[in-house]
Amino acid sequence: MFLSSFSRRRSHLRSAADLIRRGLATASQVEAAPPPSLPPFDHQPRPYTGISGEEILHKRKTFLGSSLFHYYQKPLNIVEGKMQYLYDEDGRRYLDCFAGIVTVSCGHCHPDVVKAVVEQTQLLQHATTIYLHHAIAEFAEALASKMPGNLKVVYFVNSGTEANELATLMARLYTGNLGMVALRNAYHGGSAGTISLTGLQTWKYPIPQGEIHHVMNPDPYRGPFGSDASCYAKEVEEHITYGSSGNIAGFIAETFQGVGGAVELAPGYLKLVYDIVRKAGGVCIADEVQSGFGRTGSHYWGFQTQGVVPDIVTMAKGIGNGLPLGAVVTTPEIAQVMSQKIQFNTFGGNPVCSAGGLAVLNVIDKEKRQEHCAAVGSHLVERLKALQQKHEIIGDVRGRGLMLGVELVTDRKDKTPAKAEAGVLFEKLKDLGVLVGKGGLHGNVFRIKPPMCFTKADADFLVDAMDYAMSGM
């Protein structure tokens with residue numbers, strides 16, 4: 001009787017450890033309790049007839065760079081995706097809580113995006129901007145309409161790395177200064193220039209960094225000043241005063257640090273720092289590669305949560321729902337400096353990506369994905385915070401909308417990163433059908449950033465799976 005009841009009500013039960021402690025179940029009963037089940041989903045994956053995961057891994061090791069890494073001890077061979085779900089070579093379904101590293105915004109293979117891409121591909125795949133084409137013009141107009149202030153000039157590129165490289169170039173040309181200020185714990189890309197801007201040693205090769213200054217991260221959970229934005233801002237001001245000529249090219253920051261572990265900057269920080277940077281002759285760059293397009297729920301752009309308007313905004317990932325697409329949006333005054341020389345990008349704004357990107361913007365509006373992220377995200381945060389009360393290993397639950405992080409620690413007082421435990425739980429969640437991301441310097445933060453079609457039922461299953469996995473630790 002107990003197990004039958006437990007199965008029917010598993011999404012609402014307390015953790016296994018709590019059940020045992022309260023005398024509501026024995027250890028053997030809890031051990032035998034069935035795991036939570038994925039929500040129903042009306043899609044039948046096609047039978048897979050390609051090469052096996054083992055053979056793919058062998059070919060990767062043979063023909064691709066050894067710097068490539070994969071998740072899981074036995075890496076998954078993902079062969080199909082539909083909205084918020086992924087399917088492996090055996091047809092098993094997984095809840096995708098990481099969206100191809102925060103890239104799939106509308107949903108895997110969203111029909112509207114697929115239709116736009118296929119139709120444009122059948123007409124014209126490539127031409128470059130030396131000829132006229134309606135797709136890039138219409139996409140640029142639609143994207144500019146989403147921007148506040150005088151952010152009206154769009155440059156299309158192929159990735160977030162390229163976008164941040166171009167933004168840095170613009171800042172230096174416009175101001176005539178070289179020094180760039182970035183945050184510790186930030187990630188801005190994998191090129192030589194953006195590696196320099198990145199503030200995580202796990203991603204940085206030992207190459208010359210150039211005129212880059214890394215200031216203290218305004219992290220409310222781990223930062224020395226907690227959520228006191230004024231103290232962090234004062235450190236930026238002192239760094240510019242003592243560590244530079246007094247004049248800088250610019251300041252770049254993610255409002256919600258992605259790779260760094262879903263860290264939302266201290267409230268009010270950007271408003272204070274933007275004033276300091278502009279007084280020092282610099283421009284302010286918002287890296288919206290992960291947090292843009294309504295993902296935070298409360299706002300369309302992450303920087304809007306801080307009440308600021310940047311001088312340059314960079315974006316990628318969700319802008320294309322998986323297409324290789326990025327963009328830089330700036331003011332006409334700053335954009336003008338690029339006309340000093342020939343500025344060109346072979347694939348930037350190509351017809352296929354522009355058609356797909358415009359479809360993404362339309363889907364986000366039509367399906368009210370920003371409002372959806374707010375509603376589902378609030379529900380998910382509430383459930384995660386309740387889970388935090390049950391499991392000591394959860395040190396922090398943070399973020400907003402569907403841009404969330406759960407930091408795991410072995411000691412809440414000292415905030416010791418639970419790196420090994422995170423690895424074990426990571427594997428357990430996969431076995432339960434849940435795919436999350438990992439972040440933070442120590443890899444102890446679960447990054448929960450699913451496709452924006454993620455539902456409340458999906459959120460409940462995710463939390464139930466986490467509860468189940470943690471109860472067995």
Side-chain angles (χ1 to χ4, degrees), residues 14-21 27 30-31 33 35-36 53 57 60-61 66-76 78 88 94-98 101-102 184-187 198-204 217 219-223 257-263 380 383-399 404-450 461-473:
R14 289 177 286 270
S15 68
D18 191 44
L19 288 170
I20 296 170
R21 184 169 55 252
V30 165
E31 185 178 352
L57 184 59
R60 272 180 50 144
K61 290 179 178 178
S66 59
S67 58
L68 289 181
F69 65 91
H70 57 73
Y71 275 178
Y72 309 114
Q73 294 174 9
K74 182 182 178 182
L76 291 175
I78 297 298
D88 68 13
Y94 297 87
L95 178 61
D96 182 9
C97 298
F98 200 28
I101 313 184
V102 208
R184 300 168 196 168
N185 199 56
Y187 179 84
T198 293
L200 289 158
Q201 61 94 5
T202 45
W203 299 89
K204 296 171 75 72
N217 190 36
D219 181 349
Y221 180 63
R222 288 192 173 273
Q257 292 176 332
V259 175
V263 176
L380 180 52
R383 288 221 54 197
L384 287 170
K385 286 187 177 293
L387 191 68
Q388 183 182 16
Q389 299 304 310
K390 299 178 182 180
H391 297 285
E392 285 290 319
I393 194 172
I394 300 178
D396 192 33
V397 174
R398 52 180 178 255
L404 306 177
V406 176
E407 180 154 358
L408 306 180
V409 296
T410 58
D411 183 290
R412 285 189 178 180
K413 180 181 178 182
D414 295 333
K415 301 177 183 177
T416 307
K419 185 173 182 178
E421 292 82 355
V424 172
L425 288 170
F426 194 63
E427 294 283 345
K428 285 189 172 188
L429 287 174
K430 181 261 294 179
D431 293 340
L432 291 168
V434 176
L435 308 180
V436 297
K438 287 195 295 185
L441 183 63
H442 303 285
N444 66 309
V445 181
F446 284 164
R447 297 167 66 188
I448 301 172
K449 304 164 186 183
F461 170 68
L462 165 63
V463 177
D464 290 343
M466 291 176 67
D467 189 13
Y468 186 91
M470 290 176 178
S471 298
M473 290 287 285

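Computed from a predicted structure; not experimentally measured.
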*Asks:* Please answer whether the main-chain N or O of Thr198 pairs with a side-chain N or O of Lys204 as donor and acceptor at a distance below 3.5 Å.
*Replies:*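 Yes: the side chain of Lys204 pairs with the backbone of Thr198.
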
*Asks:* Distance from Asp411 atom CG to Ile393 atom CD1, nearest 0.5 Å?
*Replies:* 12.0 Å

*Asks:* Would you say Tyr221's side chain and Val263's backbone share a donor-acceptor pair under 3.5 angstrom?
*Replies:* no

*Asks:* Both conditions, 6.0 Å and 45 degrees, for the charged tip of Lys430 above the ring of Tyr71: are they met here?
*Replies:*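 Checked: cation-pi criterion not met.
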
*Asks:* For the CG atom of Asp464 and the CG atom of Leu432, what is their distance to the nearest 0.5 Å?
*Replies:* 10.5 Å

*Asks:* Using a 3.5 Å distance criterion without hydrogens, assess whether the side chain of Asn444 forms a donor-acceptor pair with backbone atoms of Leu408.
*Replies:*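 At least one qualifying donor-acceptor pair exists.
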
*Asks:* Taking all atoms of both residues into account, what is the closest heavy-atom pair of Arg412 and Glu392, and its distance?
*Replies:* NE-O, 3.2 Å

*Asks:* If I compare all heavy atoms of Thr410 with all of Pro417, which pair ends up nearest, and what's the gap?
*Replies:* CG2-O, 4.4 Å

*Asks:* Once you round to the nearest 0.5 Å, how far does OH of Tyr72 lie from CG of Asp431?
*Replies:* 9.0 Å

*Asks:* A side-chain contact here means heavy atoms from C-beta on lying under 4.5 Å apart; do Leu404 and Val397 qualify?
*Replies:* no

*Asks:* May I ask you to check whether over 12 heavy atoms, not counting those of Ile101, lie within 6.0 Å of atom CD1?
*Replies:*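 No, the 6.0 Å shell around CD1 holds no more than 12 heavy atoms from other groups.
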
*Asks:* Any side-chain heavy atom of His70 within less than 4.5 Å of one from Arg60?
*Replies:* yes

*Asks:* Taking the side chain as C-beta and beyond, is there a heavy-atom pair between Leu384 and Met466 under 4.5 Å?
*Replies:*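 The answer is yes, as the side chains (C-beta and beyond) meet within the 4.5 Å cut-off.
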
*Asks:* Determine whether the side chains of Asp219 and Gln257 contain a donor N or O and an acceptor N or O closer than 3.5 Å.
*Replies:* no

*Asks:* How long is the gap from OH on Tyr94 to CD1 on Ile78, to the nearest 0.5 Å?
*Replies:* 6.0 Å

*Asks:* If you count the non-hydrogen atoms of other residues, nucleotides and ligands that lie under 6.0 Å from NZ in Lys419, is the total more than 12?
*Replies:* no

*Asks:* Does Glu407 use its side chain to pair, donor to acceptor, with the backbone of Gly261 at less than 3.5 Å?
*Replies:*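 Side chain of Glu407 to backbone of Gly261, a donor-acceptor pair under 3.5 Å: no, none is there.
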
*Asks:* For Gly443 and Lys438, which heavy atoms make the closest approach, and how far apart are they?
*Replies:* O-CD, 3.7 Å

*Asks:* State, to 0.1 Å, how close Ile394 and Gln388 come at their nearest heavy-atom pair, and which atoms those are.
*Replies:*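 Taking every non-hydrogen atom into account, O-CG, 3.4 Å.
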
*Asks:* Which atom names give the shortest non-hydrogen contact between Phe461 and Pro36, and what distance separates them?
*Replies:* CE1-O, 3.6 Å

*Asks:* Any side-chain heavy-atom pair from Leu200 and Asn185 closer than 4.5 angstrom?
*Replies:*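 Contact flag for Leu200/Asn185 side chains = yes.
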
*Asks:* What is the minimum heavy-atom distance between Arg447 and Gly258, and which atoms define it?
*Replies:* NE-O, 3.1 Å

*Asks:* Could you give the distance from CG (Leu76) to CG (Leu435), rounded to the nearest 0.5 Å?
*Replies:* 6.0 Å

*Asks:* Let me confirm one number: the OG1-NE2 distance from Thr202 to His442, rounded to the nearest 0.5 Å.
*Replies:* 9.5 Å

*Asks:* Would you indicate whether the side-chain heavy atoms of Val406 and Leu387 approach each other to under 4.5 Å?
*Replies:* no

